[in-house]
Amino acid sequence: MSKLRVRFPPSPTGNLHVGNARTALFNYLFCRHHEGTFVFRIEDTDRERSRDEYIQNEIEAMKWMGIDWDEGILIGGEHGPYKQSERMELYQTHIQKLLDTNHAYICFCSSEQIEEDREEARKNNMPPRYSGRCRGLTKDQIEDRIAKGDPYVIRFKLPEKESVEVVDLIRGTKTFPVSSLDDFIIARSDGMPTYNLAVTVDDATMEITHIVRGEDHFFGNTPRQVLLYEALGYPIPVFAHMPMILGDDKTKLSKRHGAFAITEYGNMGFLPEAFVNYMAFLGWSPKTEEEFFTMEELIQRFEIKNVNTSPAIFDYEKLKWYNAHYLRQKSNEELFSMVEQNLEEKGFLTDEKNKEFYLQAFQHMKDYLVLTTDIITNLETISTYNGILSDRLPEIQTPETQSLLPALLQQFSNVPEWTPDSVLNAIRQAGKDAKVKGKHLWMPLRIMMTNEDQGPEIYLVIYLMGKKKVLGILQELQTKI
RNA sequence: GGUCCCGUCGUAUAACGGUUAGUACACCGCCCUUUCACGGCGGCAAUAGGAGUUCGAUUCUCCUCGGGACUGCCA
């Protein structure tokens, strides 16, 4: 087999979302596994909705996931340009060729007319296909109407053959009846090519050998495109149609399900390696019980034939679990650099609470982090706490607390160096001094220091509050109990 | 209506035609930690239904049912 070439062609009509990201990932894994060439192109023939900022977002998302490309947007290549809007001449040539070879024809039917036909068909429970009304127009009729300035589109003329064959690596070879299709439009009235024409021309001229995409293309677009390849005389690529990703109500994943732009996952505190690992398992399985894979390992193990055919539901909880796992693998330094800017912005980075201070904290924090942002969230909760609320006061107005309080005060004051471990020891010692232990020690302490029943390890909370604040809170409490 | 896809615990998935149908997430217990989490142990929980082929079907075939996608001068 000659060198494999695959592509990822999003249209910049929105930010890159989960479905597209998985398509990009699988294309990438498939490509790298076979040491092929990965092409990243932009499909912006829809001038109305395409925006540059979305192109930027897609590039950013790809980089975040760790997906690089060999040819395409930003880096160019031998088969460029890689934006459809810059390839208009190519499309025109191909459209003209189809016209010249009698594989296409000019159609003057107005949108209104077509819509009426469709209505009519629907009413009669018939498939809403274009009738082929303009197929029989004579050369003179056509020239006349063009001269009159009548708007027109160009349609592909369905061949006489009965069926089209699609070779699919995931679903096997299928044949589709040509009769389920109709004379679809390949050029709009403004002269712009439509999707089916443009992708086909791009894929053919970019010499794409394998097209990996969502199942939603399988029976509609793919047969049309195969027909186009045949009419144009290009070799037909091999396809692989992946199962869809669904929301928890089993319908196509959309914003409604809380599906964010990929770049948002980063902002929300997800690690790209967790995201990629999780995504890979949406429709693919190594057929073993292993569950953690780096990108490198995925490339090595990815087999397109192991991609499932049934749709998968996006499970946010499992994504979080992967994230927590990868977060625990991070060094304290790595965690620090991930949140450093945030700490700075929030004013959590001071002379006293410096890098060293947080490095120590992260060592103890790792185990209960799910999202990177949990670090900041925890710190914020701690920093806004300013003493116990009166409704909680009765719970700690006990003889035990009364003896515990001075002991804590003393132990904390005497801590030589304020570290998570020394704080922990101080608490234990204070417990001994006051002869309080178990939940009689820890629960009141938690309530005193946070006003909550649960949260991160209390000694860590106390460490993060800093000595000064802790002593202040305890002293204040002494006057209330 | 047409075309096409899909159907194993709630979710993701595993199981040469022969397994007490496995694993992970979630959930629930217990242990560890003088809370939670982490970790350990255990539990709950699935082959949509019906025929057929077969000594034997989650696996192959057919039908039914259920779900989904597409049916644009969007991609």
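In what follows, chains carry the letters A, B, and so on, assigned in the order in which the sequence lines appear, proteins first and then strands, with residues in each chain numbered from 1.
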(message) I'd like the C1' distance from rC9(B) over to rA14(B), given in whole Å.
(response) 13 Å

(message) On RNA chain B, does the nearest nucleotide to Tyr152(A) precede the nearest nucleotide to Ser310(A) from the 5' side, or the other way round? Give the residue.
(response) Ser310(A)

(message) What's the gap between rC5(B) and rG39(B) when it is taken at their P atoms, as a whole Å value?
(response) 42 Å

(request) Please state how far atom NZ in Lys287(A) lies from atom P in rG22(B), giving the value in whole angstrom units. (result) 18 Å

(message) Less than 4.0 angstrom from a charged side-chain N to a carboxylate O is my criterion; do Lys83(A) and Glu43(A) meet it?
(response) no

(request) In whole angstrom, give the distance that lies between atom CG of Asp203(A) and atom P of rA75(B). (result) 14 Å

(message) Taking Gly220(A)'s backbone N and O only, do any of them form a donor-acceptor pair with Arg224(A)'s side chain (distance below 3.5 Å, no angle check)?
(response) yes

Extract from the structure each pairing of a protein N or O with an N or O of nucleotides 57-63 of chain B at less than 3.5 Å, listing the distance.
none

(request) Go through rC70(B), rA12(B), rC4(B) for me and flag the one nearest to the Leu282(A) side chain. (result) rA12(B)

(message) Between rU20(B) and rU34(B), how many Å separate the two C1' atoms, rounded to a whole number?
(response) 41 Å

(request) Would you kindly give the CG-to-P distance between Leu424(A) and rC36(B), to the nearest whole Å? (result) 16 Å

(request) Tell me which nucleotide among rC38(B), rC4(B), rA12(B) gets nearest to the side chain of Asp367(A). (result) rC38(B)

(message) I want to verify a distance call: between rC36(B), rA75(B), rU3(B), whose nearest atom is closest to the Glu457(A) side chain?
(response) rC36(B)

(request) Would you mind telling me which of rU35(B), rA12(B), rA69(B) lies closest to the side-chain atoms of Met443(A)? (result) rU35(B)

(request) Ignoring backbone atoms, establish whether Lys250(A) has a side-chain N or O less than 4.0 Å from OP1 or OP2 of rA69(B). (result) no

(request) Side chain of Phe219(A) only, please: which of rA69(B), rU71(B), rC73(B) is the nearest? (result) rA69(B)

(request) For nucleotides rC25(B) and rU35(B), find the distance between their P atoms and express it as a whole number of Å. (result) 23 Å

(message) Does this structure show an ion pair linking Asp44(A) with Arg49(A), if we count only N-O contacts that are shorter than 4.0 Å?
(response) no

(message) Would you call the rings of Phe336(A) and Phe362(A) parallel, tilted or perpendicular, taking 30° and 60° as the class edges?
(response) tilted

(message) Under a 3.5 Å threshold, yes or no: a donor from one side chain and an acceptor from the other, between Tyr326(A) and Asn277(A)?
(response) yes

(message) Is Arg129(A) close enough to rU71(B) that one of its side-chain N or O atoms is under 4.0 Å from OP1 or OP2 there?
(response) no

(message) Just N and O in the side chain of Asn308(A): are any of them under 4.0 Å from OP1 or OP2 of rU13(B)?
(response) yes

(message) Stacking between His217(A) and rA69(B), defined as ring centres under 5.5 angstrom apart with planes under 30°, is that present or not?
(response) no

(request) Could you tell me whether Asp168(A) and Lys174(A) have a side-chain N and a carboxylate O separated by less than 4.0 Å? (result) no

(request) Considering only atom C1', compute the distance from rC27(B) to rG10(B) and round it to an integer number of Å. (result) 9 Å

(message) Less than 4.0 angstrom from a charged side-chain N to a carboxylate O is my criterion; do Arg129(A) and Asp182(A) meet it?
(response) no

(request) Would you write the dot-bracket representation of RNA chain B, where each base gets (, ), [, ], | or . depending on whether it forms a Watson-Crick or G-U pair under 3.5 Å and with which partner? (result) (((((((..((((....[...)))).(((((.......)))))....(((((..]....))))))))))))....

(message) I want to check one thing: is the phosphate of rU71(B), taken as OP1 and OP2, less than 4.0 Å away from some side-chain N or O of Arg122(A)?
(response) no

(message) Under 4.0 Å from OP1 or OP2 of rA14(B): is there any side-chain N or O of Ser285(A) that close?
(response) yes

(request) Quote, to the nearest angstrom, the P distance that separates rA37(B) from rC30(B). (result) 12 Å

(message) Can you see if the side chain of Thr288(A) gets near the phosphate of rA14(B) - specifically, an N or O under 4.0 Å from OP1 or OP2?
(response) no

(request) Would you indicate which nucleotide in rA12(B), rA69(B), rC73(B) comes nearest to any side-chain atom of Ala312(A)? (result) rA12(B)

(message) What's the gap between rA21(B) and rA45(B) when it is taken at their P atoms, as a whole Å value?
(response) 14 Å

(message) Determine whether a donor-acceptor pair (N or O, by modelled atom type, separation under 3.5 Å) exists between the side chain of Asn323(A) and the backbone of Gly269(A).
(response) yes

(request) Respond yes when some side-chain nitrogen or oxygen of Arg118(A) is under 4.0 Å from OP1 or OP2 of rC73(B), and no when none is. (result) yes

(message) Regarding Glu303(A) and Lys287(A), does a basic nitrogen lie under 4.0 Å from an acidic carboxylate oxygen?
(response) no

(request) Measure from CG on Asp190(A) to C1' on rC73(B) and round the result to the nearest Å. (result) 8 Å

(request) Please determine which of Leu228(A), Asn221(A), Val153(A) meets the side-chain contact (heavy atoms from CB on, under 4.5 Å) test together with Phe184(A). (result) Leu228(A)

(message) So, does Arg171(A) get its side chain near the phosphate of rC4(B), meaning an N or O under 4.0 Å from OP1 or OP2?
(response) no

(message) Measuring from the side chain of Glu289(A) (C-beta onward, heavy atoms only), which nucleotide among rU23(B), rG1(B), rA37(B) has the closest atom?
(response) rU23(B)

(message) Between Tyr459(A) and Asn425(A), is there a side-chain donor-acceptor contact under 3.5 Å, judged purely by atom types and distance?
(response) no

(request) Write down the distance separating the P atoms in rC28(B) and rC38(B), rounded off to the nearest Å. (result) 12 Å

